[in-house]
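Please read through the structure below; I'll follow up with questions.
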Amino acid sequence: MPPLILIVAGILGGAALVRLATRESRRINRELDEARQAHVDVRDDAPTLRPDPDTGTYRPG
């Protein structure tokens, strides 16, 4: 009987570990998606740079 108890405990522990890893992975991906979205929003407010035909330098257009 004790080996059966150890096997069941191992299976339950493995299932708990998989569940914890899945939850943590989803949390991290959610945070990364929010950060990416915030990064896109900041770039939309940035001015577009265009080359100046006389000097060749880039200036806000």
Side-chain angles (χ1 to χ4, degrees):
M1 193 72 137
L4 180 62
I5 293 172
L6 290 176
I7 292 171
V8 170
I11 291 172
L12 290 176
L17 185 62
V18 167
R19 183 175 176 182
L20 180 69
T22 303
R23 184 183 302 159
E24 187 69 12
S25 173
R26 287 182 182 159
R27 182 189 66 82
I28 290 171
N29 284 333
R30 186 173 47 249
E31 288 181 10
L32 287 174
D33 288 340
E34 290 171 2
R36 284 187 192 117
Q37 185 63 36
H39 182 67
V40 169
D41 293 341
V42 170
R43 286 181 32 169
D44 289 341
D45 296 339
T48 304
L49 298 178
R50 300 185 192 272
D52 184 8
D54 297 331
T55 63
T57 59
Y58 284 87
R59 301 182 188 272

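Given the structure is predicted, the values throughout are model-derived calculations rather than measurements.
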Who clusters with Leu32? Use side-chain heavy atoms, under 4.5 angstrom, across I, L, V, M, F, W and Y, and order the result by chain and number. Ile28

Residues that, via side-chain heavy atoms closer than 4.5 angstrom, fall in one hydrophobic cluster with Leu20: none

Side chain to side chain contact (heavy atoms under 4.5 Å, CB included) filter on Arg19, not counting sequence neighbours, yields Arg23

What's the spacing between Leu17 CG and Leu12 CG if we round to 0.5 Å? 12.5 Å

Of all residues at least two apart in sequence or in a different chain, which pass the side chain to side chain contact (heavy atoms under 4.5 Å, CB included) check with Thr48? Arg50

Test side chain to side chain contact (heavy atoms under 4.5 Å, CB included) applied to Ser25 - qualifying residues, sequence neighbours left out: Asn29

Who are the side chain to side chain contact (heavy atoms under 4.5 Å, CB included) partners of Arg27, not counting sequence neighbours? Glu24, Arg30, Glu31

